[in-house]
Amino acid sequence: MDQNLDKIEKVISKSSIWEKFVDFLDLIIYQNNKHTIEITIGYVLLICIILLATSVLLRWGRKLLTRNMPQEDKVKFVTVFSFARWLIYAIVLLIVLNSIGIDVTAVFAASAALLIGIGLALQTLFQDIISGVFILVDQTVHVGDIIELDGKVGRVEEIKLRTTRAVTIDNRVLVIPNHLYLTNSLFNWTQNGTTTRESVTVGVAYGSDVQLVKKLLLEAANSHPEVIDVSATIVQFTDFGDSSLNFKVIFTLGDSFNANNPKSDVRFEIDRLFRENNITIPFPQRDVHIFQNKS
């Protein structure tokens, strides 16, 4: 008899605790009778649990899909996935709010004026976000690419939702708003490969042996250790200038991002070879004639 009484007391006690817990979940923390909105602690916990479960599933799905991908493709996928993740969160949140009886349409209608104001204030931000999506969809820029935008050159280190982060040749971080890709001309140095054609221009005095100049320019370029495919090196006689015969030597480099140093070395070598072979690099000259008026 005593044992049965103990069991009944335990059942009553557990039932009382459960009822208190249920009452706690039913506590209303926000209520709007006009728009029939009622938010309880239970709804908030439910939303948090569902969003947490969604986050875990997304993380697990990302690892599952990228486990056999090369590192380069994995970086691209993670960047795109980070954009899609927030969209999935928003969709899940709207579904949960609608399923618990909250009129989502009423919420949007009540905050329409606020959303319009925010939209106008954050117009540039939205442009950056949309441009970031376009960058990943049309594959114009990838992590590791060397790009030139508004005269600035940098290697892309990270593509984010709003900005692209690049490192310049002098090791400075360049933060590029993504909307600039749509409003400015973008040069991608490495989309066709890592090698690029670089050039050095020079002028020589009139009367110089142009065949010797061509030979010396080829020798100066092809002697540099970073110049590849020496058979592709060419010399162009570009123009008859006001004070000089103008030439351009064009060669191939494997690392276009650090092209300034090899081009400087080629100029040093050209100056040395020209001095040894008595080839003169002229400076601009003007003849001034003075006429005296005899009256």
Side-chain angles (χ1 to χ4, degrees), residues 70-76 79 135-136 138-159 164-176 180-181 184-204 208-241 244-277 279-282:
Q71 184 61 32
E72 182 179 356
D73 293 339
K74 185 182 295 187
V75 172
K76 298 176 187 177
T79 306
I135 291 171
L136 295 170
D138 60 17
Q139 297 290 294
T140 53
V141 179
H142 304 92
V143 173
D145 285 355
I146 299 172
I147 62 173
E148 180 180 349
L149 189 68
D150 285 344
K152 298 181 178 63
V153 179
R155 178 183 280 117
V156 177
E157 297 290 333
E158 188 178 12
I159 302 175
T164 297
R165 189 171 65 89
V167 177
T168 62
I169 296 174
D170 52 2
N171 201 33
R172 296 180 180 178
V173 177
L174 181 64
V175 180
I176 307 170
L180 293 180
Y181 292 112
N184 295 274
S185 297
L186 171 69
F187 296 93
N188 192 328
W189 290 11
T190 52
Q191 190 164 20
N192 293 329
T194 58
T195 61
T196 55
R197 298 282 282 171
E198 304 292 341
S199 64
V200 171
T201 58
V202 65
V204 300
S208 301
D209 186 346
V210 295
Q211 293 301 323
L212 177 59
V213 170
K214 178 179 179 180
K215 176 184 176 183
L216 295 177
L217 290 176
L218 289 173
E219 181 181 345
N222 291 337
S223 64
H224 197 281
E226 295 187 26
V227 173
I228 60 177
D229 191 12
V230 295
S231 62
T233 303
I234 61 173
V235 173
Q236 294 179 346
F237 191 161
T238 58
D239 199 6
F240 293 93
S244 64
L245 305 174
N246 299 326
F247 291 83
K248 178 190 291 185
V249 55
I250 304 172
F251 46 89
T252 306
L253 292 178
D255 185 6
S256 57
F257 191 62
N258 296 312
N260 286 337
N261 291 334
K263 289 168 69 174
S264 175
D265 294 338
V266 169
R267 293 187 183 97
F268 277 116
E269 185 65 11
I270 289 173
D271 181 73
R272 187 185 68 82
L273 291 175
F274 278 11
R275 290 177 185 274
E276 289 182 356
N277 292 271
I279 301 294
T280 303
I281 300 176

Trainee: Would you give the length of the straight line joining atom CZ of F268 to atom NZ of K263, rounded to the nearest 0.5 angstrom?
Mentor: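 F268 atom CZ to K263 atom NZ measures 14.5 Å (nearest 0.5 Å).
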
Trainee: Would you please name every residue forming a side-chain hydrogen bond (donor to acceptor under 3.5 Å, both in side chains) with R267, sequence neighbours left out?
Mentor: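 Testing R267 for side-chain hydrogen bond (donor to acceptor under 3.5 Å, both in side chains), a comparison that skips the adjacent residues, returns none.
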
Trainee: Should we say atom CZ of R275 is surrounded by more than 12 heavy atoms from elsewhere, each under 6.0 Å from it?
Mentor: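 Not buried by this count: 12 neighbours or fewer within 6.0 Å.
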
Trainee: Residues in side chain to side chain contact (heavy atoms under 4.5 Å, CB included) with L180, at least two apart?
Mentor: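 With neighbours one apart ignored, the set is L149, I176, P177, T183, N184.
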
Trainee: From D229 CG over to L253 CG, what is the distance, rounded to the nearest 0.5 angstrom?
Mentor: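 Between D229 CG and L253 CG, I get 11.5 Å after rounding to 0.5 Å.
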
Trainee: Which distance, rounded to the nearest 0.5 Å, do you find between the OG1 of T168 and the CZ of R155?
Mentor: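 That separation rounds to 11.0 Å.
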
Trainee: Run the side-chain donor-acceptor check on residues 208-216: report pairs under 3.5 Å with partners two or more places apart or on a different chain.
Mentor:
residue, atom, partner, partner atom, Å
S208, OG, A205, O, 2.7
D209, OD1, Q211, N, 3.2
D209, OD1, L212, N, 3.4

Trainee: Taking side chain as C-beta onward, heavy atoms only, is I270 less than 4.5 Å from L217?
Mentor: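 Yes, close enough: below the 4.5 Å cut-off.
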
Trainee: If you measure from NZ on K152 to CD1 on I169, what distance do you get to the nearest 0.5 Å?
Mentor: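 Atom-to-atom, K152:NZ and I169:CD1 are 13.0 Å apart.
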
Trainee: Measure the spacing between CG of L174 and CD1 of I147 and express it to the nearest 0.5 Å.
Mentor: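 Answer rounded to 0.5 Å: 7.5 Å.
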
Trainee: Evaluate the criterion side chain to side chain contact (heavy atoms under 4.5 Å, CB included) for residue pair I250 and Q236; output intermediate values, then yes/no.
Mentor: CA-CA 8 Å; I250 304 172; Q236 294 179 346; 3.7 Å; yes

Trainee: Only counting residues at least two apart or in another chain, list the ones meeting side chain to side chain contact (heavy atoms under 4.5 Å, CB included) with V230.
Mentor: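 N222.
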
Trainee: Does S199 use its side chain to pair, donor to acceptor, with the backbone of K248 at less than 3.5 Å?
Mentor: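 Between the backbone of K248 and the side chain of S199 there is no qualifying donor-acceptor contact (under 3.5 Å).
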
Trainee: So which heavy atom on A221 is nearest to which on V249, and how close?
Mentor: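 Smallest heavy-atom distance, with atoms named: CB-CG2, 3.8 Å.
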
Trainee: Contact between E226 and F251 at the side-chain level, heavy atoms closer than 4.5 Å - yes or no?
Mentor: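 E226 vs F251: side chains apart.
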
Trainee: Check V167 against E157 and note the closest heavy-atom contact, atom names and distance.
Mentor: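 Heavy atoms of V167 and E157 come nearest at CG2-CG, 3.4 Å.
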
Trainee: State, to 0.1 Å, how close P282 and S244 come at their nearest heavy-atom pair, and which atoms those are.
Mentor: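 For P282 versus S244, the nearest heavy atoms are CG-CB, 3.5 Å.
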
Trainee: Please lay out, stage by stage, how I146 and V153 fare under the test side chain to side chain contact (heavy atoms under 4.5 Å, CB included).
Mentor: CA-CA 7 Å; I146 299 172; V153 179; 3.9 Å; yes

Trainee: For A232 versus T252, what's the shortest heavy-atom pair and its separation?
Mentor: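 So the two residues come closest at CB-OG1, 4.3 Å.
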
Trainee: Heavy atoms, side chains only, cut-off 4.5 Å: are E198 and P262 in contact?
Mentor: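 In short, these two side chains do not touch, never coming nearer than 4.5 Å.
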
Trainee: Provide the full list of ring pair (Phe, Tyr, Trp, His ring centres under 6.0 Å) pairs with a residue in residues 209-238, sequence neighbours left out, each pair given once.
Mentor: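 Applying ring pair (Phe, Tyr, Trp, His ring centres under 6.0 Å) to every pair that reaches into residues 209-238, excluding sequence neighbours, yields F237-F240, F237-F247.
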
Trainee: Could you pull out all residues at least two apart from E158 that satisfy side-chain hydrogen bond (donor to acceptor under 3.5 Å, both in side chains)?
Mentor: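 For E158 there are no side-chain hydrogen bond (donor to acceptor under 3.5 Å, both in side chains) partners, ignoring immediate neighbours.
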
